[in-house]
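Working notes, structure below.
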Amino acid sequence: MTRQDWTQKGFIGEPAPAGTDLKAEIRRMCAEKKAIILAHYYTLGEVQDVADFVGDSLALARKAAETDARVMVMCGVHFMAETCKILSPEKTVLAPDLNAGCSLADSCSAEDLRKFKEEHPGHTVVSYVNTTAAVKALTDVVVTSGNARKVVEALPAGEKIIFGPDYNLGSYINSVTGRRMLLWRGGCHVHERFSAAAIARLKAEHPGAEVLAHLECKADVLAAADVAGSTAVMLKHVKESPCREFIVATEAGILHEMRLACPDKLFLPVPPETGADGGCNECEYMKMNTLLKVYNTLKYGWPEVTVNPDTAREALKPIKRMLELS
């Protein structure tokens, strides 16, 4: 069944019986079916609240692989569910909405990467984890925003490298390592919207605030940040910093976890620069994961995410290589 089939069959929005406590029913079905809920930091707060584990994509997949759960529901975007299946091929992986794609992953197809590799022979391919299973299968080593610098620095100094698909992350790694990696021109449509000017306006209103920015942001935004890093780095910092106010340049869903961790602190999302699409600091794909969809996914055991076994075997190799280098 395709993403379109799933939408047309109506299960995504099928209403629950009147009076249903969705959170309670989701937890009941998890116990009954030996299932776990995984939620990315960028999903809706109510989805994060019902999850067994909340975190970044690869961390969630690795954590789920360590459990004895038979079923995992990945509340995030499609490539994240694929990663879960790669690391747990014997388990059933469900996604609440197969239409939840990723602009960054979609910016680099396997076909285009294969052609690019042929045009640049002798290069090691380093791919951001935000990629499809098919792209990972063409990759030599996978990285996360948290370990990209360490992994790249672990490679021989003279090694020729293709880095993709996130241009901003690759550019940052080049700047801090002195490497001259060949960068793929991809990006996250949310992080591309943040600007140094918007940060400056917020900073003028809150001069004592610290600025946090994800490494998927543009270079001028990272230059304006006090802390530039992954979501895990930002979360750790807000917990440890004596500062009481933070200006946050990443998808606004992370503020839910920040506020839970530090209810006495103020977190200000950076507004995006308004463009042709009106501008938004939320990922519409992440927000496709709702409690009702999680409920229906568990109830019907569908839609299931699968990965071709040959592709999965090849995609696992660069992940294992990453773990060796980091």
Side-chain angles (χ1 to χ4, degrees), residues 1-3 6 11-12 16 22-102 105 129-134 136-137 142 144 231-232 253 256-257 283 285-309 311-313 315-316 318-320 322-323:
M1 184 178 290
T2 66
R3 300 185 192 187
W6 173 247
F11 289 123
I12 283 178
L22 289 178
K23 288 186 178 181
E25 189 61 15
I26 285 169
R27 295 315 314 170
R28 184 195 67 76
M29 285 192 287
C30 280
E32 175 187 292
K33 302 186 179 192
K34 205 167 186 180
I36 56 173
I37 308 294
L38 312 172
H40 192 274
Y41 288 127
Y42 296 163
T43 55
L44 295 168
E46 63 182 16
V47 173
Q48 295 183 46
D49 289 343
V50 79
D52 295 277
F53 303 107
V54 180
D56 288 323
S57 60
L58 185 58
L60 287 172
R62 293 180 67 188
K63 187 70 176 178
E66 296 171 355
T67 73
D68 60 356
R70 292 195 297 264
V71 177
M72 57 182 75
V73 181
M74 180 66 235
C75 302
V77 294
H78 193 263
F79 82 81
M80 297 178 185
E82 285 189 329
T83 304
C84 287
K85 189 64 178 180
I86 291 167
L87 294 185
S88 302
E90 76 288 356
K91 297 181 180 181
T92 298
V93 178
L94 305 176
D97 192 334
L98 288 180
N99 293 290
C102 172
V129 70
N130 295 35
T131 46
T132 64
K136 288 182 177 71
V142 164
T144 68
T231 49
H256 181 74
E257 183 70 14
C283 174
Y285 302 115
M286 288 287 189
K287 268 49 179 182
M288 287 180 176
N289 296 274
T290 66
L291 281 183
L292 179 58
K293 292 175 187 177
V294 174
Y295 166 85
N296 279 320
T297 295
L298 280 166
K299 181 177 179 179
Y300 294 101
W302 193 267
E304 183 176 355
V305 174
T306 60
V307 178
N308 177 281
T311 300
R313 279 193 294 272
L316 183 59
I319 296 176
K320 287 183 174 179
M322 175 199 70
L323 298 176

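Values below: all heavy atoms of this structure, side chains included; hydrogens, waters and symmetry mates excluded. Because the structure is predicted, anything quoted here is derived from the model rather than measured.
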4.5 Å side-chain heavy-atom contact, Val77 and Tyr42: no

Minimum heavy-atom distance between Asp97 and Asn99, given as atom pair plus value: OD1-N, 2.8 Å

Straight-line distance of Ile26 CD1 to Leu291 CG, nearest 0.5 Å: 5.0 Å

Flag side-chain contact, heavy atom, 4.5 Å: Pro309 against Arg313: yes

Verdict with reasoning, Lys293 to Asn289, per side chain to side chain contact (heavy atoms under 4.5 Å, CB included): CA-CA 6 Å; Lys293 292 175 187 177; Asn289 296 274; over 6 Å; no

Residue pair Glu257, Thr231: steps toward the side chain to side chain contact (heavy atoms under 4.5 Å, CB included) verdict: CA-CA 10 Å; Glu257 183 70 14; Thr231 49; over 6 Å; no

Sub-4.5 Å side-chain heavy-atom contact between Thr290 and Leu44: yes

Minimal non-hydrogen separation, Leu60 against Ala39, with atom names: CD1-O, 3.5 Å

Nearest-0.5 Å distance that lies between atom CE in Met74 and atom NE2 in His40: 7.0 Å

Flag, side chain of Lys33 to backbone of Arg70, donor-acceptor distance under 3.5 Å: no

Any residue meeting side chain to side chain donor-acceptor pair (under 3.5 Å) with Arg28, in chain and number order, not counting sequence neighbours: Glu25, Glu32

Enclosure of Lys23 NZ (heavy-atom neighbours >12, cutoff 6.0 Å): yes

Contacts of type side chain to side chain donor-acceptor pair (under 3.5 Å), residue Ser57, not counting sequence neighbours: none

Salt bridge (charged side-chain N to carboxylate O under 4.0 Å, His left out) involving Lys287 - partner list, sequence neighbours excluded: Glu251

Nearest atoms (heavy-atom pairs only) where Ala64 meets Leu38: CB-CD1, 3.7 Å

Side chain to side chain donor-acceptor pair (under 3.5 Å) involving Thr92 - partner list, sequence neighbours excluded: none

Heavy-atom check, side chain of Val305 versus side chain of Leu98, under 4.5 Å: yes

Show me, pair by pair, the donor-acceptor contacts under 3.5 angstrom made by side chains of residues 79-89, not counting sequence neighbours?
| unit_1 | atom_1 | unit_2 | atom_2 | d |
| --- | --- | --- | --- | --- |
| Glu82 | OE1 | Ala133 | N | 2.8 |
| Thr83 | OG1 | Phe79 | O | 3.0 |
| Lys85 | NZ | Pro89 | O | 3.1 |
| Lys85 | NZ | Lys91 | O | 2.6 |

Thr67 side chain reached by Met72 side chain, heavy atoms, under 4.5 Å: no

Contacts of Lys34 that satisfy salt bridge (charged side-chain N to carboxylate O under 4.0 Å, His left out) - sequence neighbours left out: Asp68

Identify all side-chain donor-acceptor contacts of residues 45-55 below 3.5 Å with residues at least two apart in sequence or on another chain.
| unit_1 | atom_1 | unit_2 | atom_2 | d |
| --- | --- | --- | --- | --- |
| Gln48 | NE2 | Tyr41 | O | 2.9 |
| Gln48 | NE2 | Thr43 | O | 2.9 |
| Gln48 | NE2 | Gly253 | O | 3.4 |
| Asp49 | OD1 | His256 | NE2 | 2.8 |
| Asp52 | OD1 | Arg27 | NH2 | 2.8 |
| Asp52 | OD2 | Arg27 | NH1 | 3.1 |
| Asp52 | OD2 | Arg27 | NH2 | 3.4 |
| Asp52 | OD2 | Ile37 | N | 2.7 |

Residue pair Ala315 / Lys136: nearest heavy atoms and the distance that separates them: CB-CB, 3.8 Å

Heavy-atom pair of closest approach, residues Leu94 and Gly301: CD2-O, 3.5 Å

Heavy-atom side-chain proximity of Met29 to Val73 below 4.5 angstrom: no

Non-hydrogen atoms of Thr297 and Pro96 that approach each other most closely: OG1-CA, 3.1 Å

